[in-house]
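Proteins come first, then strands; the chains are lettered A, B, ... in the order of their sequence lines, and each starts at number 1. Owing to the predicted nature of the structure, the values given are computational and were not obtained by experimental measurement.
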Amino acid sequence: MSNTAEAIDGSALVGRAGGPARPARRPRPTQPLIGIILPAIIIALWQVAASLAWIDRVFLPAPLTVVTAFWKMLTKQNLALDFLASVKIVGQAFLYGSIAAVGLGIAAGLSRKVEQFFGPTFDTIRHIPGIAWLPLIVLWLGIGAPAKVLVIAKSVFFPVFLNTLQGIRNVEKNYIELASVLTLTRWQLVRKVVLPAAVPSIMVSLRYAAGLAWALVVVAEGLSGLEGLGFLIFRAQGLLLTDQLVVCMVIIGLVGFAIDRSMYLLQRRVLRWKQGYDG
Amino acid sequence: MSNTAEAIDGSALVGRAGGPARPARRPRPTQPLIGIILPAIIIALWQVAASLAWIDRVFLPAPLTVVTAFWKMLTKQNLALDFLASVKIVGQAFLYGSIAAVGLGIAAGLSRKVEQFFGPTFDTIRHIPGIAWLPLIVLWLGIGAPAKVLVIAKSVFFPVFLNTLQGIRNVEKNYIELASVLTLTRWQLVRKVVLPAAVPSIMVSLRYAAGLAWALVVVAEGLSGLEGLGFLIFRAQGLLLTDQLVVCMVIIGLVGFAIDRSMYLLQRRVLRWKQGYDG
Amino acid sequence: GTGAAGAAEALPAINLQLTPWTVIAREKGFFKQEFDRIGTTQINLIASGAAELLGAEAAAVKGGAIAIAQRMIYPATVHRANGLDGEIIWVSEPSNRYRAPILARADNDNIKTIADLDGKKFGSSRISCYWSSPFEIAQKAGLPLDSREKQGRIRYTSIDNVAVAISSVLSGATDATTVHLAAGAAATGAWLSGKLKVVGRSPDDGVYVNNAGRVTYFARRDFVDKYPEVVKAFLAAREQTRAWTFDHVDEAAEIVARETRVPVEVAKFQITHAGEWEFMAGEPNAERARNAIKTFQAWYIENGDDILAERKLTDAQIDAFVDERFFVGGQYSIYN
Amino acid sequence: MATPGHLEVRNVSKTYAVAGRPPVRVLSRVSLDVQPGAFVSLVGPSGCGKSTLLRLIIGLDREHGGDILIGGQPIEGPALSRGIVFQDHRLLPWLTLEDNIALALENARWAAADKAAAVRDHIALVGLAGFEKAYPHQLSGGMAQRAAIARGIVGRPEILLLDEPLGALDALTRVRLQAELQRIWRLERITMILVTHDVDEAIYLSDQVVVLAGSPGRVATEIEIGLPRPRDRASVEFVALKQRILAAMGEDAAQRPAA
Amino acid sequence: MATPGHLEVRNVSKTYAVAGRPPVRVLSRVSLDVQPGAFVSLVGPSGCGKSTLLRLIIGLDREHGGDILIGGQPIEGPALSRGIVFQDHRLLPWLTLEDNIALALENARWAAADKAAAVRDHIALVGLAGFEKAYPHQLSGGMAQRAAIARGIVGRPEILLLDEPLGALDALTRVRLQAELQRIWRLERITMILVTHDVDEAIYLSDQVVVLAGSPGRVATEIEIGLPRPRDRASVEFVALKQRILAAMGEDAAQRPAA
Ligand SMILES: Nc1ncnc2c1ncn2[C@@H]1O[C@H](COP(=O)(O)OP(=O)(O)OP(=O)(O)O)[C@@H](O)[C@H]1O
Ligand SMILES: Nc1ncnc2c1ncn2[C@@H]1O[C@H](COP(=O)(O)OP(=O)(O)OP(=O)(O)O)[C@@H](O)[C@H]1O
Ligand SMILES: [Mg+2]
Ligand SMILES: [Mg+2]
């Protein structure tokens, strides 16, 4: 019975779907075509809406107008400088906010004492709208870059802190017991056990927080200054320069997307060991 | 050798630290004293700062002034109505936003196709500042409750969506294989395997998003209306009614804290099975 | 005033708001001319944010990030009522009917005059001129706005964000709003786009035009007491800039466009339109300025303003609030 | 040839890629022929590919060379008619013992009462009565393994794959569960494929013992166990078969270093 | 009495609370006395508390009645001088095989080169050479278990607790590793406490076999194995001891239903 198949086995191993030439886990293309469908539909709808004047151009200019506006802003209005100004603020704030959050998150995760010390205060503060803090922040930090960085960093802090903490709480007790049996120090425990296990949770919050930082650049730059994408958005809204508004939205969206994907790729590299659910 | 101890064994079992009378896992007090230290320090500092006029009272009124203002707002200015108005908006937005996020998060978690379909679009949109969308939202939804709800729900959506998705991706492949061997349907897979495993991750994002919803009530109520805590905050902020501002901050903070703790308790109940790291 | 001691110490550097007139003053040397004399060599122009967060800006004044700030008379008064230790060193002449009109969508044929707003929706910020001006217009027309407590004839809702208020009118979510057409970038674009029309104007003899609609300059009291010469130099520079600007509108518009990053047509509109804010003449008479505050405070209280009702400034406080040293006959007056 | 339930494994090969090393061939042209209702044991050295083969048969991994047919049809992924007890117990930590076992009946078309009764009976069968509400972390290693066995058999699959199901049990419990397995096998005519390291157990239970050799995994010998049941572990024939199987395993081990 | 390394377990009791049931007493007045360098095996039915006892001795769980002393001192939690091989392999999924084993040397005061060499040698010792860079999910059940053994012994603790370390291994690999364990034990004079279900293994390796009985866990008998080493598994004395131990375990089982 089993002999009948023997003749074709040699070729089978090379030629067919199940052949061993295939690696066990197919490397997925990171940016597959299917992801383009929705954006394409949106852009198509946008074009149609503009062409047929479904939506007043005051609210939504045609795509081509936006491209022209982009070109003009880039060549004539120093868009690159605004962009850099915002990147600088956002980058700093993201860095400080997330470093503080991961650090404190680990501390709180490792010691329930620390969690209990900060927990109630943080859980109270983080619900309070950012705008309510502005007068105090300005009073202490003025209206320069530090104030802007603080406004954004505060918002970056909380999701990362909470996810780090929860990521650590989710580390299987078994592994903590192992670490304790091997008498790992706190620092070794963090490096070898807790952090690797919490990485997925931390990474998702970092990806999210990066988006948040961009979203808050408008609030921060509304505080002061005449440059940055946030300023441009405010100005565009006030002057009803909707084409410029959309340019800023698209830029922020695409930059955010690029950041997001690079963090995602990083995550995949870091999590090579992970046998999660691939969907 | 082992006999010497026999006499004390009986009492040992009852009296000493290691006795079996103690349950294996001590129920921890949910709100321990240590958590009060930091708030107490803050309030003390606040009082001192006010008494010694370190900070101008225009920017930081004394605690007592705030309490008086609270009483006055409550009895004379219908604070309760403002509060209810905000709770209604925030509650609805949180509900819709998080239901949509958990639903879509599960769909995207279960099927990489779905994730790839929505992923790039979501990852682009979520970076774009909410304020930039306001004109379009007004165009489509007007300035009534639906628009306010949408503004908040959009912000609630993303952290919950991302954490749900990641929570599902983190479910151990072993368990998915088991489900597949037991030929569980999609729905059974979700209910019995995927959701329970992803609950810690989803819960932390819900806790976070509840805070976010409150923080955004200012933006949302800035859209329209003459009531709500957001309106009060905006007005107080603009006119330097700092006592009223602090009243609103404290209310939101405390309500948020209460929400947070109830969700935390819920989480503990749901996760009875969990052998995580207790810190 | 106790300002005699002020001459003692020079102020080497000063932070001022970056506004259309200050950029002209810097560019054209009016600051240099005035400030050099008293030893203030460095003038920093700070762009207070596009978000116009008044509370944050007040904090900036308090914290020293901005020495002298422009402020509408109502928020300035409320800040004082709330205990901010500042004073007014300059008040504008009365406003006019062009500054805070009621606007509707240009192609909305249902609304042509204020009377057409009966039962319609009106959205604007509750904490500013955007409320007091339409309130007075509507009341005069016999169509009171809704308040928090009582329904009127026009459905009033507060919209804090100006862009949203205008979007609401353009999209039909509301029927009318009030904004300053030529103050800052906020509404100028919408007006220039031709999408809006004026359907109501403030009465010339009303409280808004004569009292509540004035602009002020506002500074910390200790700052003024210490550097009255600086304040005077500031006001003098402003006068010179004003005069020069009206003579050189096109050149001024270019400077403003470049320095405040707005299109040149917007800049020009902000200089030439009858509703402009930046280049208003001053009110030389301290007593008239005080009376303006007293009058509009009474009016606000009468019309249910909970804040001023509760924290009413006494006449003595108002008298002290307007620093007469900088008005006609004062020690540091530019009007003498 | 196409008897329903007839399992044919034909020239199955399997290769795994491990980062930093050349792909490893884990199974090489493995062929098996299991008649419906047969009891087949697989023995072989650690790492020779026994679990991998079971994964292929249950349908969790479709990427292999050769064919796996049931009733003449290639398998299309997992089905309720095939059950497996994994080498690790794989109980879901968030379900109690009884819920874990009930999970295997989720899609059985039985009355709810029958399901509940089946769960109860099987918990008792593996000696865990009283632990219905315990979570997996509250069970000992052997208890978890027994729970996994209960979950594997409660649904009465046509083919049951058992991956070292009794490895963590003491001798007495083990003998008792062997007897239970055999009883169920005889009563319900379930095809059973058992991976075990206990040669006694393999001989005692099986119609056929397949000895696998490692590197890469392949069939070394297939030995028919013709002994009448119940079998006497001390009988001469039994011991002789054991010697033969151990020899087949040992030979392979002896060859390996040379190869 | 206070010989360094002398392990005394005195009247140790342990109770677990399970929601919905009255607290269960898992260990009841268990006493053991293990001399430095001794090899003691624990045998007993599934769920009788063997793993629980090891957890107490290693210091992972301090909530118990009675005393556990080492060299006369009560234990204060885990220490590098005590090692354990858990019943589940407990390899960290994010570390490669070699990193997992190196983890046990993290705090050893050895030169880095010595550590690397020790890791390499122990991987080879358990027959996993070539899999240094493999992640745990790429190992078979038996391979993971062997890796756990390597991690347990690489640091040369004074007392090593082994919880069914050879359960998932085929007979040949098992015998080889038994020999290795014994060699290391002899060479390094490590005190070893082995939980096993294989009575042969217990007799072959131990100075003393402790038979535990269940519900609640307690010491049924302690049997000294006086046989000279190396032991002949087929010798009459060996077989007699095996009978005695099996009888002790069986008696208990026979009594249990009555109790
Ligand atoms: N965390 C826990 N909570 C409650 N009960 C527990 C817990 N851990 C173990 N038990 C119970 O303690 C008893 C002994 O468990 P233990 O793991 O020590 O058994 P064992 O002798 O090692 O068994 P096996 O040979 O099956 O591994 C079992 O009845 C088990 O249900
Ligand atoms: N996902 C995987 N990726 C790479 N290699 C793997 C993977 N799974 C298993 N292997 C390798 O395949 C070989 C066979 O593994 P398998 O689990 O089938 O062995 P086994 O015969 O069941 O062994 P044991 O008796 O120890 O359980 C091993 O060498 C193992 O390293
Ligand atoms: Mg296996
Ligand atoms: Mg055990």
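Of the residues considered (D/Gly167, D/Ser51, D/Gly44, D/Gly130), D/Gly130 shows the highest number of contacts with chain E, using heavy-atom pairs under 4.5 Å. Chain E forms the most heavy-atom pairs under 4.5 Å with one residue out of D/Arg174, D/Lys50, D/Glu164, and that residue is D/Glu164.
E/Lys242 NZ: 12 or fewer foreign heavy atoms inside a 6.0 Å radius. For E/Arg231, the CZ atom is densely surrounded, since the number of other residues' heavy atoms within 6.0 Å is greater than 12.
For the side chain to side chain contact (heavy atoms under 4.5 Å, CB included) with E/Ser46, the lone residue among D/Leu169, D/Leu139, D/Val126, D/Leu172 that qualifies is D/Leu169.
Here D/Asp198 contributes atom CG and E/Asp198 contributes atom CG; the two are 9.0 Å apart, rounded to the nearest 0.5 Å. With rounding to the nearest 0.5 Å, the separation of CG in E/Leu212 from CG in D/Asp170 is 11.5 Å.
Heavy atoms only, all atoms of each residue included: E/Gly142 and D/Gln87 are closest at N-NE2, 4.0 Å.
D/Arg90 pairs by the salt bridge (charged side-chain N to carboxylate O under 4.0 Å, His left out) definition with B/Glu177, D/Asp88, not counting sequence neighbours. Checked against ring-ring contact (aromatic ring centres under 6.0 Å, His included), E/Tyr204 has no partners two or more places apart in sequence or in another chain.
Proximity to chain E is limited to the side chain of D/Arg146, based on heavy atoms less than 4.5 angstrom apart.
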